[in-house]
Amino acid sequence: MVKKKILITGGAGFIGSHVVRLFVNNYPSYEIYNLDSLTYAGNLENLKDIDQKANYHFIKADITDANLMTELFDKHQFDSVIHLAAESHVDRSITDPLLFIKTNILGTVNLLNAAKNAWKDQMDGKLFYHISTDEVYGSLGETGLFTETTPYDPRSPYSSSKASSDHLVRAYYHTYKLPVVISNCSNNYGPNQFPEKLIPLSISNIKNNKSIPIYGKGENIRDWLFVIDHATAIDAIYHRGTNGETYNIGGINEWTNIDLIYKLCEVMDAKLGRDKGESAKLITFVKDRAGHDMRYAIDSSKLMKELGWSPSLQFEEGIEKTVDWYLANEEWLNNIVSGDYESYYTQQYVNR
Ligand code: NAD
Ligand code: DAU
């Protein structure tokens with residue numbers, strides 16, 4: 001049995017918790033260290049089904065603390081990193097760019113330095129896997145897809161901070177020969193997503209008969225991937241990706257925001273026993289996001305051809321599963337809505 005010590009950062013968040021669960025369950029011979037500072041977006045409840053497993057360990061720590069990252073690498077001798085910890089919400093990056101610079105850029109460099117120093121005598125068998133976003137490529141017009149060679153053109157403080165971290169990861173590969181892989185994924189949806197993002201926010205508001213805020217005319221397009229399909233792609237890339245390479249991950253599943261919300265309303269009407277068209281009455285068009293990217297769409301053919309990955313779920317199935325999960329986990333939703341989120345919500349939607 002292959003033994004590994006894997007540091008997964010941001011494992012208490014949305015995607016990170018699914019990645020931690022997959023690795024803990026599927027690879028009992030790997031020791032999984034979930035490092036998370038538990039910001040408003042981090043929630044250990046996401047992992048309560050696996051947190052007693054012998055190969056799971058939690059470390060509460062902040063990646064912006066450089067000395068601590070070095071100490072932790074010395075202490076635990078990690079042989080690989082899957083780096084997801086980040087500030088992840090575009091709207092928050094518009095109001096507080098500096099936090100995104102600190103966490104997403106400085107935090108990533110701290111981890112790169114800690115890995116480089118810990119692995120300096122033996123890089124073989126080591127891996128720094130950086131999880132990034134399709135937003136680094138900018139905004140598409142009506143046609144075309146982002147490929148791994150599309151030039152970077154980030155347009156929000158969030159995407160710029162992620163782009164910067166991608167560049168730094170590649171710089172450490174070229175300059176210090178650090179073994180790295182990067183993946184850039186499209187919009188994820190599914191269980192455990194914090195209700196500031198479009199789909200869980202809309203589910204929560206529909207359930208509570210609150211308005212569904214649609215930015216601008218709702219014509220912006222996103223490509224949606226079920227979160228567990230992202231986790232399986234990360235598994236494939238972690239195990240079979242080539243050193244120094246980048247892989248795009250997408251759902252082949254483009255929706256305008258307004259069509260997506262109509263679809264969601266239809267599912268919610270059926271689940272909540274409401275008349276057809278009832279939930280859609282909650283749709284409210286609000287002021288557009290500043291610098292709102294028009295369209296994201298991703299070409300994941302490299303990942304599909306080279307590593308044999310493909311998304312497992314059709315959107316119709318994924319959105320039903322997601323709605324079912326939120327309706328069955330009311331307590332999770334109530335618990336996660338912290339004081340920080342209440343004030344963010346008021347600032348973002350009520351005092352707009
Ligand atoms: P999330 O906001 O749900 O979770 C982020 C996690 O990082 C939280 O648990 C938080 O506590 C932790 N964290 C934040 N700052 C930290 C710090 N300084 N030190 C330690 N931990 C810290 O985010 P997510 O949606 O799960 O995204 C995870 C990663 O995937 C991010 O890097 C994001 O850029 C990337 N990504 C997200 C999507 C998406 O659709 N959500 C798509 C593509 C890529
Ligand atoms: O593409 C990958 C990215 O997807 C990730 O890197 C980000 O971490 C993740 O947050 C997501 O970014 P988006 O900005 O696309 O996701 P969000 O859910 O915030 O918004 C989706 C679309 O819905 C976008 O066009 C903005 C719009 N929107 C969003 C919110 C929160 C609304 O119309 N109303 C809203 O209230």
Side-chain angles (χ1 to χ4, degrees), residues 8-20 34-44 46-47 59-65 68-69 82-94 99-100 102-104 106-108 110-111 130-137 139 146 156 158-159 161-162 165-166 183-190 192-202 205 211-225 227 230 234 249-250 255-258 260-261 283-289 292-298 336 345 348-349 352:
I8 301 185
T9 70
F14 167 48
I15 302 169
S17 61
H18 290 280
V19 174
V20 166
N34 169 19
L35 183 156
D36 200 297
S37 65
L38 302 180
T39 67
Y40 77 95
N43 182 356
L44 289 176
N46 293 346
L47 291 165
I59 304 171
K60 185 172 186 312
D62 189 329
I63 59 169
T64 65
D65 184 337
L68 181 57
M69 292 308 109
I82 305 178
H83 174 38
L84 296 106
E87 287 295 333
S88 68
H89 192 37
V90 173
D91 292 322
R92 288 183 190 253
S93 82
I94 295 168
L99 177 62
F100 284 67
K102 203 174 161 205
T103 301
N104 299 357
L106 201 62
T108 302
N110 288 340
L111 287 165
H130 179 60
I131 306 297
S132 192
T133 171
D134 62 354
E135 299 200 9
V136 298
Y137 299 122
S139 181
F146 296 134
S156 73
Y158 163 69
S159 54
S161 67
K162 291 296 292 186
S165 62
D166 293 9
S183 57
N184 297 78
C185 188
S186 63
N187 286 62
N188 285 214
Y189 71 99
N192 306 95
Q193 187 169 29
F194 195 86
E196 64 188 352
K197 308 281 168 64
L198 180 66
I199 290 181
L201 174 77
S202 302
N205 284 12
S211 64
I212 310 166
I214 301 292
Y215 297 162
K217 294 182 183 157
E219 288 167 348
N220 304 65
I221 295 174
R222 297 290 181 268
D223 168 50
W224 294 92
L225 179 70
V227 62
H230 189 182
I234 289 172
I249 312 171
W255 290 78
T256 61
N257 292 338
I258 189 68
L260 177 109
I261 293 303
I283 292 174
T284 311
F285 293 94
V286 300
K287 191 172 158 214
D288 209 352
R289 173 184 280 173
H292 197 172
D293 287 340
M294 193 57 208
R295 175 171 166 257
Y296 305 146
I298 218 151
I336 208 171
Y345 194 89
Q348 181 69 14
Y349 296 106
R352 227 171 139 91

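First listed ligand is number 1; within each ligand, the first listed atom is number 1.
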Report the part of L201 (side chain from C-beta onward, or backbone N, CA, C, O) that has a heavy atom under 4.0 Å from ligand 2; answer both or neither where that applies.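 Under 4.0 Å from ligand 2, L201 contributes side-chain atoms alone.
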For the 3.5 Å polar cut-off, considering only N or O atoms, please tell me whether S88 and ligand 2 meet it.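 For ligand 2, there is an N or O atom that lies under 3.5 Å from one belonging to S88.
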Nitrogen or oxygen atoms of S186 and ligand 2 under 3.5 Å apart: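 By distance alone, the answer is no.
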Would you say that [X] contacts [Y] through its side chain, given a criterion of any heavy-atom pair below 4.5 Å between the two side chains?
X	Y	answer
P213	L201	yes
I199	L260	yes
L198	I261	yes

Assign the ring pair Y349 / Y215 to parallel, tilted or perpendicular, where the plane angle (0 to 90°) is split at 30° and 60°.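 The rings of Y349 and Y215 lie parallel, inter-plane angle below 30°.
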Could you name the option among [options] that has the heavy atom nearest to [atom]?
atom	options	answer
atom 27 (C) of ligand 2	N257, D293, D288	N257
atom 14 (O) of ligand 2	K197, R289, H89	R289
atom 16 (O) of ligand 2	L225, N187, L198	N187
atom 24 (C) of ligand 2	E219, H292, K217	H292

Identify the closest protein heavy atom to atom 1 (O) of ligand 2: which residue and atom is it, and at what distance?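 Among all protein heavy atoms, the one nearest atom 1 (O) of ligand 2 is D134 OD1, 2.5 Å.
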Are there any protein N or O atoms under 3.5 Å from the N or O atoms of ligand 1? List them with distances, or say none.
| from | atom 1 | to | atom 2 | distance (Å) |
| --- | --- | --- | --- | --- |
| ligand 1 | 2 (O) | S88 | OG | 2.7 |
| ligand 1 | 3 (O) | F14 | N | 3.1 |
| ligand 1 | 9 (O) | G13 | N | 2.9 |
| ligand 1 | 9 (O) | D36 | OD1 | 3.3 |
| ligand 1 | 9 (O) | D36 | OD2 | 2.6 |
| ligand 1 | 11 (O) | D36 | OD1 | 2.6 |
| ligand 1 | 11 (O) | T39 | N | 3.0 |
| ligand 1 | 11 (O) | T39 | OG1 | 3.1 |
| ligand 1 | 18 (N) | D62 | OD1 | 2.8 |
| ligand 1 | 19 (N) | S37 | OG | 3.4 |
| ligand 1 | 19 (N) | I63 | N | 3.0 |
| ligand 1 | 21 (N) | S37 | N | 3.1 |
| ligand 1 | 21 (N) | S37 | OG | 3.4 |
| ligand 1 | 23 (O) | S88 | OG | 3.2 |
| ligand 1 | 26 (O) | F14 | N | 3.4 |
| ligand 1 | 26 (O) | I15 | N | 2.8 |
| ligand 1 | 32 (O) | L84 | O | 2.9 |
| ligand 1 | 32 (O) | K162 | NZ | 2.7 |
| ligand 1 | 34 (O) | Y158 | OH | 2.6 |
| ligand 1 | 34 (O) | K162 | NZ | 3.1 |
| ligand 1 | 40 (O) | N188 | N | 2.9 |

With sequence neighbours excluded, residues passing salt bridge (Lys or Arg N to Asp or Glu O under 4.0 Å) with D293: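 Here the qualifying residues are R155.
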